[in-house]
Visitor: 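Can you keep this structure in mind? I'll have questions shortly.
What you see is a predicted model, and the numbers here were worked out from it, not measured in a lab. Quick note: residue numbers are just sequence positions, from 1.
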Amino acid sequence: MGIPLEPGTAVEADIAGVAAAIGDPSRTRVLLALAGGRALPASALAGEAGVSASTVSGHLNRLLDAKLLTVERDGRHRYYRLATPEVARTLEWLARIAQPVPVRTLRRSTRAAALLRARLCYDHLAGQLGVAVMAALLDRGVLTPSDADTRYLVSSGGRAELAAFGVDVSSVAGRRPSVRYCLDWAERRPHLAGQLGGALAARLFELDWVRRGRARRVVHLTDAGRAGLRDTFGVTETTWPPELAD
């Protein structure tokens, strides 16, 4: 006979509880607004969710209780962000099995197209741009597949190439694997995630090769970025749609 557990001992993950917290459309919009990695105030999240300030307060408390968000205080102001990168990754995975939401306005259509083209998935690039960068790194041998399902190795030549670009692979080791990918929900192909994905995106912002758009999570490739990615990593955009304003 096994040893009885104390009452209240957790033996299974509360998947239903997390799913219920995510499942409300307004709360989903809040989470997606934060999936770009930035902390936002409740007023901005109310606008993203299309609800009043009093209503979004209840939604934020529910997401905090579910450990999906954290809150930061700056004087009298409170700013919310995703609790961990895994929350953003989970949203990407859920989007792969979810039915698409019909786009009914020109503004939402334009924004949706911009998100498909290039966006942030927490701290790394996703969409067509993120997939193209990942493919180029594989083609050049900067990354090589490993035996692990969701990981790649950086080749010795790749370390040198990334270092020359301003990304020190040895400095991005930490709690997350250095080289990891997410399967992009729209492209159904991998984009670079993990510490290396975040460091590479940060370098692209630093060089002004990419810029944040006005819409949450949208990223725009600059003219310098087009030339730089082509010349540095062989990234081409011959199959991409024209640049869209958001």
Side-chain angles (χ1 to χ4, degrees), residues 13 35-38 81-97 115-210 212 217 219 221-222 224-240:
R38 282 183 167 178
R81 69 167 66 249
L82 296 186
T84 65
E86 285 71 24
V87 178
R89 191 173 301 122
T90 298
L91 294 173
E92 283 277 320
W93 277 96
L94 288 173
R96 290 180 56 207
I97 61 175
L115 283 168
L116 292 176
R117 179 179 174 83
R119 66 184 181 277
L120 286 174
C121 176
Y122 198 71
D123 60 354
H124 56 267
L125 293 175
Q128 293 169 335
L129 177 59
V131 167
V133 170
M134 177 78 171
L137 294 177
L138 288 168
D139 288 344
R140 291 176 71 87
V142 174
L143 302 181
T144 58
S146 75
D147 293 334
D149 289 340
T150 60
R151 303 185 189 184
Y152 285 84
L153 302 176
V154 181
S155 66
S156 57
R159 284 178 176 268
E161 192 165 342
L162 290 170
F165 183 61
V167 176
D168 182 2
V169 176
S170 64
S171 70
V172 299
R175 185 174 62 84
R176 286 187 288 164
S178 294
V179 183
R180 187 186 182 102
Y181 73 85
C182 291
L183 191 62
D184 196 271
W185 69 265
E187 295 297 302
R188 309 286 173 164
R189 296 167 60 200
H191 62 246
L192 185 62
Q195 290 276 8
L196 183 57
L200 182 60
R203 181 60 174 155
L204 294 177
F205 278 113
E206 182 182 359
L207 293 171
D208 196 37
W209 287 11
V210 295
R212 287 180 181 265
R217 296 195 296 150
V219 172
L221 186 63
T222 65
R226 283 190 193 86
L229 284 175
R230 181 189 64 237
D231 296 342
T232 305
F233 296 117
V235 178
T236 61
E237 52 178 337
T238 56
T239 61
W240 297 3

Visitor: Does the salt bridge (Lys or Arg N to Asp or Glu O under 4.0 Å) test come out yes or no for Arg89 and Glu86, once each step is laid out?
Guide: CA-CA 5 Å; Arg89 191 173 301 122; Glu86 285 71 24; 3.6 Å; yes

Visitor: Could you list the residues that satisfy side chain to side chain contact (heavy atoms under 4.5 Å, CB included) with Arg38, not counting sequence neighbours?
Guide: Arg212

Visitor: Can you sort out the partners of Arg217 under salt bridge (charged side-chain N to carboxylate O under 4.0 Å, His left out), two or more places apart, ordered by chain and number?
Guide: none

Visitor: Please tell me if the side chains of Val210 and Thr222 come closer than 4.5 Å, counting only heavy atoms from C-beta onward.
Guide: no

Visitor: Only counting residues at least two apart or in another chain, list the ones meeting side chain to side chain contact (heavy atoms under 4.5 Å, CB included) with Thr232.
Guide: Phe165, Trp209

Visitor: Is there a side-chain contact between Arg188 and Arg96 (heavy atoms, below 4.5 Å)?
Guide: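 A side-chain contact exists here, since the closest heavy-atom pair is under 4.5 Å.
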
Visitor: Go through the structure and list residues passing side chain to side chain contact (heavy atoms under 4.5 Å, CB included) with Ala135, not counting sequence neighbours.
Guide: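 Ala135 satisfies side chain to side chain contact (heavy atoms under 4.5 Å, CB included) with Arg189 only.
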
Visitor: Going by salt bridge (Lys or Arg N to Asp or Glu O under 4.0 Å), name the pairs with one or both residues in residues 192-201, residues two or more places apart or in two chains.
Guide: none

Visitor: Check whether any side-chain heavy atom of Tyr181 lies under 4.5 Å from a side-chain heavy atom of Val131, and answer yes or no.
Guide: no

Visitor: Could you go through Arg119 and Asp184, starting from their C-alpha distance and side-chain angles, then the distance that decides it, and tell me whether this counts as side-chain contact (heavy atoms from CB on, under 4.5 Å)?
Guide: CA-CA 11 Å; Arg119 66 184 181 277; Asp184 196 271; 3.2 Å; yes

Visitor: Not counting sequence neighbours, which residues clear side chain to side chain contact (heavy atoms under 4.5 Å, CB included) with Ala118? List them please.
Guide: Leu129, Val219

Visitor: For Leu200 and Leu125: C-alpha separation, side-chain torsions, deciding distance, then whether side-chain contact (heavy atoms from CB on, under 4.5 Å) applies.
Guide: CA-CA 9 Å; Leu200 182 60; Leu125 293 175; over 6 Å; no

Visitor: Between Leu143 and Met134, is there a side-chain heavy-atom distance shorter than 4.5 Å?
Guide: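 With C-beta onward as the side chain, the pair touches.
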
Visitor: Are the side chains of Phe233 and Val133 in touch, meaning some heavy atoms are under 4.5 Å apart?
Guide: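 No, too far: nothing below the 4.5 Å cut-off.
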
Visitor: Evaluate side-chain contact (heavy atoms from CB on, under 4.5 Å) for Leu221 paired with Leu229, printing each intermediate quantity in order.
Guide: CA-CA 10 Å; Leu221 186 63; Leu229 284 175; 3.8 Å; yes

Visitor: Counting C-beta onward and ignoring hydrogens, is there a side-chain heavy-atom pair between Pro85 and His124 closer than 4.5 Å?
Guide: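 No, side chains not in contact.
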
Visitor: Heavy-atom distance under 4.5 Å between the side chains of Tyr152 and Val142, does that happen here?
Guide: no

